Amino acid sequence: MILVTGGAGYIGAHAALALLEAGEDVVILDNLCNSSREAIPRIEQLGGRRVEWVAGDIRNRALLDQLFVRYPIDAVMHFAGLKAVGESVRQPLRYYDTNVGGSINLCQAMAYAGVFTLVFSSSATVYGDCSCMPINESTQCGQPTNPYGQSKLMTEQMLASLGSADERWRIGVLRYFNPVGAHPSGLLGESPRAAPNNLVPYLLKVASGQLPALPVFGGDYPTPDGTGVRDYIHVVDLAEGHVNTLQYLRQHAGLRAWNLGTGLGYSVLELVAAFERVSGVSLPLDRRERRPGDVAQCWADPTRAFEELGWVAQRDLDTMMRDAWRWQQANPMGYEETARPVPSTASLAAQAQGAG
Ligand code: NAD
Ligand code: WQD
């Protein structure tokens, strides 16, 4: 059985489903600070099986110890954490406590329970402001520029020390680039509790009329159209990469890091054009100054994941936008306001087809 921390969240929910589809049993631990329990029955509906789930905090050692006793857990996928860059600047202790302290607590409980296989959600943010593209796993150009990024780098360093100190550990560090999109059913997607800051969640609010215009930060970057370039990756591709990583770790001891990205960079304006093309919705844009802390461009060299994990992203930018739009239309306010019954997969698919 796989313990999925943060499994009610955006990426964790898709990974929990991918695990079910791969035949694994899943227990989710999530304190719902940035997610909804509504995700759980939807994972079960799509996976066709029950998921065990516990409401609780990764910083609660007694709870973790109970979980490892109660369930036959043999590996952990660790998504739980806080991820808002701006908030991390204002509340650094909260970020270090949850992201670093929570990860240390989890590893201590794992070792106590004799469970040594861990997949950790890291981020391309650990590479800092790099000018050498694409970024491979050995690239060392900078340092993260905010407490969120630092917390990911510190956790990576803690895990590396752990891997060196005790050869029983099998640790996969996955550095995600820019996860976007949603499950094609329209049942799982990103449902942040706070106002969106990231490009695609903000864009979806504008497209659905909940926000007036999409800010486009910076038009003077050294990129083809002057806007920032990123490696957007479909969340279902990302989730599948976790299953491949688990399979790898079952064969290999030690610690290894992999980039999960497509290897392609798209600008803000290219992403907007793709969204308009697949949705038929025209987006009002609000051209602004550069956003502090943003890098001009960032995309992955995903060769290592292909060669070692046998994983490659399959879904293109249009698919990412189409699936994100389907999710938004089916869940205009995210999971929260769905006190109504869960819509059937068939009715959502029909609705999505109708929307083109
Ligand atoms: P998310 O906020 O949707 O999911 C995180 C989940 O963790 C949420 O369900 C939240 O309720 C839960 N959680 C937070 N603190 C907790 C705690 N103390 N105990 C138990 N549960 C807790 O975010 P996501 O986008 O799914 O991100 C998942 C992981 O991937 C995070 O570690 C994030 O830093 C990392 N990551 C995300 C991105 C991205 O752009 N989404 C990029 C790189 C890395
Ligand atoms: C993408 C591009 C913006 C919003 C962040 C974190 C990173 C990782 C992924 C977790 C940039 C532009 C954005 C808007 C815009 N998270 N933009 N208008 O900054 O690449 O990465 O999420 O690990 O650590 O920093 O993602 O989606 O915020 O921005 O023009 O309203 O869109 O300037 O070029 P980012 P993003």
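Atoms within each ligand, like the ligands themselves, are counted from 1 in listed order. Computed from heavy atoms alone, side chains included, the values below leave out hydrogens, waters and symmetry copies. Not measured: the values here are computed from a predicted model.
For atom 35 (P) of ligand 2, the closest non-hydrogen atom on the protein side is N178 ND2, 3.6 Å. Ranking protein heavy atoms by distance to atom 20 (O) of ligand 2, first place goes to R230 NE, 2.5 Å. Protein heavy atom nearest atom 7 (C) of ligand 2, with residue, atom name and distance: S123 OG, 4.3 Å. Protein heavy atom in closest approach to atom 24 (O) of ligand 2: T125 CB, 3.4 Å. If you check which protein heavy atom lies closest to atom 29 (O) of ligand 2, you get R291 NH2, 3.4 Å. When hydrogens are left out, the protein atom nearest atom 25 (O) of ligand 2 is V85 CG2, 3.4 Å; that is the closest non-hydrogen contact. Of the protein's non-hydrogen atoms, Y232 OH, 3.5 Å is the one closest to atom 1 (C) of ligand 2. Atom 36 (P) of ligand 2 has N198 ND2, 3.4 Å as its closest protein atom, hydrogens excluded (heavy atom only).
Which parts of ligand 2 touch G228 is read off a 4.0 Å heavy-atom cut-off, strictly below it: atoms 34 (O). Below 4.0 Å from some heavy atom of N197 lie the following atoms of ligand 2, by number and element: 4 (C), 28 (O). Within ligand 2, the atoms closer than 4.0 Å to a non-hydrogen atom of D294 are 3 (C), 19 (O), 33 (O), numbered from 1 in the order shown. For ligand 2, the atoms sitting less than 4.0 Å from at least one non-hydrogen atom of V216 are 30 (O), numbered in the order shown with element in parentheses.
At least one heavy atom of P215 sits less than 4.0 Å from an atom of ligand 2. Residue contacts with ligand 2 leave out Y266, since none of its heavy atoms falls under 4.0 Å from the ligand. Between K83 and ligand 2 there is no heavy-atom distance shorter than 4.0 Å.
At a 3.5 angstrom cut-off on N or O pairs, L199 counts as close to ligand 2. By the 3.5 Å distance cut-off applied to N or O atoms, F217 is counted among the residues near ligand 2. For Y202, no nitrogen or oxygen atom sits less than 3.5 Å from a nitrogen or oxygen atom of ligand 2, counting backbone and side chain alike.
With D231 contributing its side chain and G265 its backbone, the two residues share no donor-acceptor pair below 3.5 Å. Side-chain N or O atoms of N331 include one that pairs as donor or acceptor with a backbone N or O of G186 at under 3.5 Å. No side-chain donor-acceptor contact under 3.5 Å links N146 to the backbone of G293.
With a 6.0 Å cutoff to the six-membered ring centre and a 45° limit on the axis angle, R61 counts as a cation-pi contact of Y112. For the pair R230 and Y266, the cation-pi test (distance below 6.0 Å, angle within 45°) is failed.
Remark: aromatic rings of W258 and Y248 are close, center separation under 6.0 Å. Ring centers of H242 and F79: under 6.0 Å apart, within the cut-off. A ring-centre distance under 6.0 Å is not found for Y10 and W327. Aromatic rings of F306 and W311 (six-membered ring for Trp) have centroids beyond the 6.0 Å cut-off, not under it.
Which of F177, Y148, Y176 comes nearest to atom 16 (N) of ligand 2 through a heavy atom is settled by distance: it is Y148.
Aromatic ring pairs are classed by plane angle as parallel below 30°, tilted from 30° to 60° and perpendicular above 60°; the pair F120 and H78 is tilted.
Take E308 and apply the salt bridge (Lys or Arg N to Asp or Glu O under 4.0 Å) test, not counting sequence neighbours, and it matches R256. Not a single salt bridge (Lys or Arg N to Asp or Glu O under 4.0 Å) links K152 to another residue, sequence neighbours left out.
By the 6.0 Å contact criterion, CZ on R193 is enclosed, its count of non-hydrogen atoms from other residues, nucleotides or ligands being greater than 12.
The side chain to side chain donor-acceptor pair (under 3.5 Å) with Y176 is formed by just one residue from the set S122, S123, S121; it is S121.
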Sequence neighbours excluded and cut-off under 3.5 Å, please list the side-chain donor-acceptor pairs for residues 126-133, or say none.
{"residue": "Y127", "atom": "OH", "partner": "R175", "partner atom": "NH1", "Å": "2.9"}
{"residue": "Y127", "atom": "OH", "partner": "N259", "partner atom": "OD1", "Å": "2.7"}

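For ligand 1, residues of the protein lying within 4.0 angstrom by heavy-atom distance are G6, A8, G9, Y10, I11, D30, N31, L32, C33, N34, S35, G56, D57, I58, R59, F79, A80, G81, K83, T98, S121, S122, S123, Y148, K152, Y176, P179.
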